[in-house]
Amino acid sequence: MLNVLLAIATAASPADTAPDNAPRLAPEKRVETVALSPAKRAESVAPTFIADSMVLDKSDRKLTLYSKGKLVRTYAVALGRDPVGPKQRKGDGRTPEGLYYIEARNPQSRFHLALRVSYPSREQRQRAQSIGVSPGGDIMIHGLPPAFASVGALHRQQDWTEGCAAVTNEEIEELWRSVPNGARILIQP
């Protein structure tokens, strides 16, 4: 396919092959197509809503977005591979529970795009330290890795993350443009 496109792009223009008495056409201008990064692609579309808060219900595997208290969108999610109970330590495969906020964005995420959740809290760090373990971190709402992007919504048939909440790449692009840093997220059991 690439060879066909290259042949078409480099073929002589109609002006080069026209008879001498034919009107001459201006040479075609080549347009370079630049692939947008996932973040730029997400930002190129105007948001249809802005969510100031979210509730992640782990038992229902649902992420619900709110704007000024009004429900605006719900997404089905996949969670950590061992999601029951609050996150205790790094590597336990659990999605944390509690009240957090979106503290940052990762446009270079290996999971398409990612919104960073403010886990762990100071209390969670202290508790982990008191029992001699790391509380873990890097809890995100993210899309899918490139190798599994084509799986789409089927990824939700199994909890597979290290403790994050995963949505499809199209959904994380919508979340990227609709959820500002500072938006609260309540993660319920």
Side-chain angles (χ1 to χ4, degrees), residues 36-88 93-128 135-145 149 151-189:
L36 295 176
S37 70
K40 292 293 185 193
R41 187 173 48 251
E43 293 163 357
S44 71
V45 177
T48 56
F49 60 89
I50 299 296
D52 54 21
S53 61
M54 300 175 277
V55 174
L56 174 57
D57 187 324
K58 289 173 41 174
S59 62
D60 286 341
R61 311 277 187 296
K62 298 285 183 197
L63 175 65
T64 304
L65 278 61
Y66 296 89
S67 179
K68 298 177 184 170
K70 182 180 176 187
L71 186 150
V72 290
R73 184 85 79 235
T74 300
Y75 303 90
V77 300
L79 299 174
R81 67 183 183 286
D82 187 17
V84 178
K87 187 162 195 63
Q88 300 292 314
R94 293 185 178 173
T95 302
E97 297 172 2
L99 182 61
Y100 306 97
Y101 62 92
I102 299 301
E103 68 178 358
R105 297 162 181 279
N106 183 354
Q108 303 298 320
S109 172
R110 62 188 177 116
F111 298 101
H112 197 65
L113 294 171
L115 302 176
R116 180 186 297 275
V117 175
S118 63
Y119 173 86
S121 67
R122 181 181 316 162
E123 294 80 20
Q124 289 162 325
R125 278 192 204 95
Q126 290 171 344
R127 190 201 57 73
D138 285 339
I139 299 300
M140 311 273 183
I141 301 169
H142 62 67
L144 303 175
V151 171
L154 292 176
H155 83 94
R156 297 185 269 249
Q157 291 182 352
Q158 180 177 339
D159 290 318
W160 58 271
T161 76
E162 293 295 317
C164 299
V167 294
T168 67
N169 289 351
E170 294 78 15
E171 291 167 339
I172 192 60
E173 287 184 16
E174 182 174 59
L175 288 162
W176 185 268
R177 65 181 163 264
S178 302
V179 177
N181 287 353
R184 295 176 314 276
I185 178 166
L186 175 62
I187 305 176
Q188 300 176 323

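Starting from 1, each residue takes its place in the sequence as its number.
Annotation: side chain of Ile102 is in contact with side chain of Met54 (closest heavy-atom distance under 4.5 Å). Within the 4.5 Å cutoff, the side chain of Arg156 has heavy atoms near those of the Thr168 side chain. Residues Arg73 and Phe49 form a side-chain contact, since some pair of their non-hydrogen atoms from C-beta on lies under 4.5 Å apart. Counting only heavy atoms from C-beta outward, the side chains of Leu71 and Leu65 never approach each other to under 4.5 Å. In this structure the side chain of Leu56 never reaches within 4.5 angstrom of the side chain of Ile141, judged on heavy atoms. In this structure, His142 and Arg110 have side chains that are not in contact, with every pair of non-hydrogen atoms separated by 4.5 Å or more. Contact of the Asp57 side chain with the Thr64 side chain is not registered, since no non-hydrogen atoms from C-beta on lie closer than 4.5 Å. A heavy-atom distance below 4.5 Å is not found between the side chains of Glu171 and Leu63.
Among all heavy-atom pairs drawn from Leu113 and Ala42, the shortest one is CD1-CB, 4.1 Å. Smallest separation of non-hydrogen atoms from Pro120 and Gly137: CD-CA, 4.4 Å. Annotation for Trp160 and Pro145: closest pair CH2-CD, 4.0 Å, computed over non-hydrogen atoms. Nearest heavy atoms, Ala39 versus Pro107: CB-CB, 3.8 Å. Ala114 approaches Met140 most closely through the heavy-atom pair CB-SD, 3.8 Å.
A donor and an acceptor atom, one from each side chain of Arg116 and Asn106, are nowhere located under 3.5 Å apart.
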Task: side-chain contact (heavy atoms from CB on, under 4.5 Å) evaluation trace for Val45 with Glu173 - done: CA-CA 9 Å; Val45 177; Glu173 287 184 16; over 6 Å; no

TODO: Could you go through the side-chain contact (heavy atoms from CB on, under 4.5 Å) check for Gln188 and Asp60 one step at a time?
DONE: CA-CA 10 Å; Gln188 300 176 323; Asp60 286 341; over 6 Å; no

TODO: Take Phe111 and Ile172 through the test side-chain contact (heavy atoms from CB on, under 4.5 Å) and record every step on the way to the result.
DONE: CA-CA 10 Å; Phe111 298 101; Ile172 192 60; over 6 Å; no

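Exactly one residue among Arg61, Arg81, Lys58 makes a side chain to side chain donor-acceptor pair (under 3.5 Å) with Asp159. That residue is Arg61.
Using a 4.0 Å cut-off between a side-chain N of Lys or Arg and a carboxylate O of Asp or Glu, Glu43 and Arg105 do not qualify as a salt bridge. Using a cutoff of 4.0 Å between basic side-chain nitrogens and carboxylate oxygens, Glu97 and Lys87 are not scored as salt-bridged.
Under a 3.5 Å cut-off, the side chain of Asn169 and the backbone N or O of Leu144 do form a donor-acceptor pair. The backbone N or O of Tyr101 sits less than 3.5 Å from a side-chain atom of Ser118, completing a donor-acceptor pair. At least one donor-acceptor pair under 3.5 Å links the side chain of Tyr119 to the backbone N or O of Pro135. Of the possible donor and acceptor atoms, none in the side chain of Ser178 sits under 3.5 Å from a partner among the backbone N and O of Ile50. Panel note: side chain Lys62, backbone Val55; no donor-acceptor pair is recorded below 3.5 Å. Of the possible polar contacts, one joining the Arg94 side chain to the Val84 backbone as a donor-acceptor pair under 3.5 Å is found. Distance alone, capped at 3.5 Å, is enough to place a donor-acceptor pair between the Thr161 side chain and the Leu79 backbone. Without hydrogens or angle criteria, Thr95 side chain to Gly80 main chain gives a donor-acceptor distance under 3.5 Å.
Annotation: the span from Ile139 atom CD1 to Glu103 atom CD amounts to 11.0 Å, rounded to 0.5 Å.
The side chain to side chain donor-acceptor pair (under 3.5 Å) check on Tyr66 picks up nothing, with sequence neighbours excluded.
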